[in-house]
Number of protein chains: 2
Amino acid sequence: MATIRDVAELAHVSVATVSRTLQQPDRVSPKTRVRVLEAIDHTGYKPNLMAVKFRSGKTHSLVVLVPTVANLFFARVISGMQVAAAQRGYTLLLGNTLGNPDIEAEYAKMVQTSQADGVIQLRAHNPFPADMRTTDGLLPMVNACEVRATTDCPTVTLDNRAAAATMTRHLIALGHRSIALIKGPHASPLTQDRLAGYQDALREANIPFDENLLFNGDFTLQAGYEAAQRILTIGQRPTALFCENDETAIGAVQALKEAGLRIPEDISVAGFDDIAFAGFCDPPLTTIAQPAEEFGQTAVNLLVDVLTGNIKKAPKVIMPFELIVRKSTGPAPTY
Amino acid sequence: MATIRDVAELAHVSVATVSRTLQQPDRVSPKTRVRVLEAIDHTGYKPNLMAVKFRSGKTHSLVVLVPTVANLFFARVISGMQVAAAQRGYTLLLGNTLGNPDIEAEYAKMVQTSQADGVIQLRAHNPFPADMRTTDGLLPMVNACEVRATTDCPTVTLDNRAAAATMTRHLIALGHRSIALIKGPHASPLTQDRLAGYQDALREANIPFDENLLFNGDFTLQAGYEAAQRILTIGQRPTALFCENDETAIGAVQALKEAGLRIPEDISVAGFDDIAFAGFCDPPLTTIAQPAEEFGQTAVNLLVDVLTGNIKKAPKVIMPFELIVRKSTGPAPTY
DNA sequence: TAATTTAATGTAATCCGTTACATTTTTACG
DNA sequence: CGTAAAAATGTAACGGATTACATTAAATTA
């Protein structure tokens, strides 16, 4: 592999001139410029970006910590990140953490070992040791999607509480009084927030909150399927089921159908996220749409702004959501 | 950030000794070893891996070119890659190429610019210029999932032709004689191979091949939906529909149901890939299961073997498939 | 104990591109 | 034409870890 010195030799110039030809072409006379460019052509020279990154101390790489890439919502977020990263000249390093804090910390070390400039965390965790702050007092991190209110780093999130309340109000408006909720993983702020929104809407409508209508899940199809089976075993069957994400809802629908229930005639089901499959299931799923790609783009832009010192204090960006009413929710059955 | 020199100074040794303490601890006396380790602790020293990579010329990074991360089959493949990459001490750089050869070439440049050691390509493309071969005459690349027979780099693939034939035979065995096929993108070898397998099975059964039963798709839900709508407009409606992937099949099922058809009573539908949703749709989808995670693992292992010189010629690995019969296929209706 | 081998440590070059500073060449203008 | 200013180019240090080779210290053997 040809180095800058090979080019310099062939073009009868110094390495500095070659470097300038590429970095600041107007600081080189036209004749030498063409000579150098020809030499580059001849040698097939490509700058060793590892050397550049080492020298500059900047890698222009961002670590993205994703609980799992096998989640369509995250897939969309990541797509958005890649668009923004490419625009800003950054590369993404994807870390599939499986929600494991050790793996998160392992990936975060890439910042400490100068392999990456910053981290985008899709969970409400801080994988850094305490002393990793930049000169501005910020961590080289942004937190997207799942966010804890107490964090002091830039965040991009949804008003999950308001969104869940909106969906719950939709169900209440359809006459539902007994609305089950399949939650996400226990510790997740997402879960907490959506639960809070659900409770808000119940309270507004003077519907007593019933803890027995809360079911645990983990955002997977399987979890939704199993939770729905449990729901069918409780005494008074709820007339509606709000699932904290679409995968859960689709799994639940499957179990409910297998049990012979009609949706939405016998029971309404609602999801959250509006993944592509939501529009292609039977019945199409009523859900909350989130601007997933824009989450990713915003997260990258915020992080790059932090890294370049464009931001002095951590902004909290709130993205809009939209209630998408399809066919899986309908009027509460009257007995 | 502390450097190796800071550590050396604090421990009153040379930088060489510090380096040896970490690389070859037995070449350092026990007393100095503990002294150095203490100094490392005190300074919080973390080796600058950018410097290491630059010095060694090896990045221990692999570029993965994925047409789209928003595809659940690829998501599983990538998960498998990450497992294997972690085991072998490599990092993955994910390139979402959207099937665009320019973007592929852009990412492949990361190898030429020493940002990555090799490439895993999930399409049957060679993004490299001709002169990128290693000393063994191999490209630093493996080709997984979608593979063209003529390629000379290591490959991991399925016998797509045999798999498609297996599925088609399953449909024929159920009495179907008119089987439509929704293909993938035109240029894809996957599409070609699965079409060939479909034709093989027809020929075996002496069923004439009818070009009018071929429909174009692009492996998305939407494409399946639209193709199925087109199928409903042709004169003699087929009794079975074989889709070249599950997304297509699920999209098609939706369109067929909306048109009032029952599955499988009126029309059978089969997919390919066995994504998680295949088991959670209505009806659950008959499909071909592929060992997606193992595709990824094998691909990474092959590439690392190429890079380390463990492999002199390019192996062609064929992975097993399995016919998964669920509820979306049934006996052909008798008119 | 002297001589020799082995272990431990140190010195300095190296990887390659960037850039501050130095030097040379060209241009501009009196 | 000569000198000052501007433009073009060159020299060499730098970044941080690794490692070949050199040197010193410790262990072994005669």
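Letters go in sequence order (proteins before strands), and every chain restarts at 1.
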J.: Calculate, to the nearest 0.5 Å, the distance between atoms CG and CD belonging to B:L302 and B:Q297 respectively.
T.: 12.0 Å
J.: Under 3.5 Å, side chain of B:T151 to main-chain N/O of B:R148, donor-acceptor pair present?
T.: no
J.: A:T17 side chain N/O closer than 4.0 Å to the phosphate oxygens (OP1, OP2) of D:dT9?
T.: no
J.: Can you measure B:Q24 atom CD to D:dT19 atom P for me and round it to whole angstrom units?
T.: 7 Å
J.: Between B:K46 and A:S14, name the one whose nearest nucleotide on DNA chain D is closer to the 5' end.
T.: A:S14
J.: Using a strict heavy-atom distance below 4.0 Å, which residues from residues 49-63 of chain A are in contact with DNA chain D?
T.: A:F54, A:R55
J.: Closer than 3.5 angstrom, by distance alone: can the side chain of A:H60 be matched with the main-chain N or O of A:Y90 as a donor-acceptor pair?
T.: no
J.: How are the rings of A:F73 and A:F295 set relative to one another: parallel (under 30°), tilted (30 to 60°) or perpendicular (over 60°)?
T.: perpendicular
J.: Distance check needed: D:dG16 C1' versus A:Q115 CD, whole Å only.
T.: 14 Å
J.: Could you say whether A:P47 or B:V28 is positioned toward the 5' end of DNA chain C, judged by the nucleotide with the nearest heavy atom to each?
T.: B:V28
J.: To the nearest Å, give me how far apart CD1 (A:I4) and C1' (D:dT11) are.
T.: 14 Å
J.: Report yes if a side-chain nitrogen or oxygen of B:Y45 is closer than 4.0 Å to either non-bridging phosphate oxygen (OP1 or OP2) of D:dG16; otherwise report no.
T.: no
J.: Between A:R35 and B:K31, which has a closest nucleotide on DNA chain D that is more 5'?
T.: A:R35
J.: Given atom CZ of A:R20 and atom C1' of D:dA8, what is their separation to the nearest angstrom?
T.: 8 Å
J.: Whole angstrom is fine here: how far is it from CG in A:D26 over to C1' in D:dA7?
T.: 12 Å
J.: For DNA chain C, which nucleotides open and close the run of contacts to chain B, 5' to 3', at under 4.0 angstrom from a non-hydrogen atom?
T.: C:dA8 to C:dC16
J.: Check this for me: does any side-chain nitrogen of one of A:E38 and A:R35 sit under 4.0 Å from a carboxylate oxygen of the other?
T.: no
J.: How close or far is atom P of D:dA7 from atom CZ of A:R33, stated in whole angstroms?
T.: 14 Å
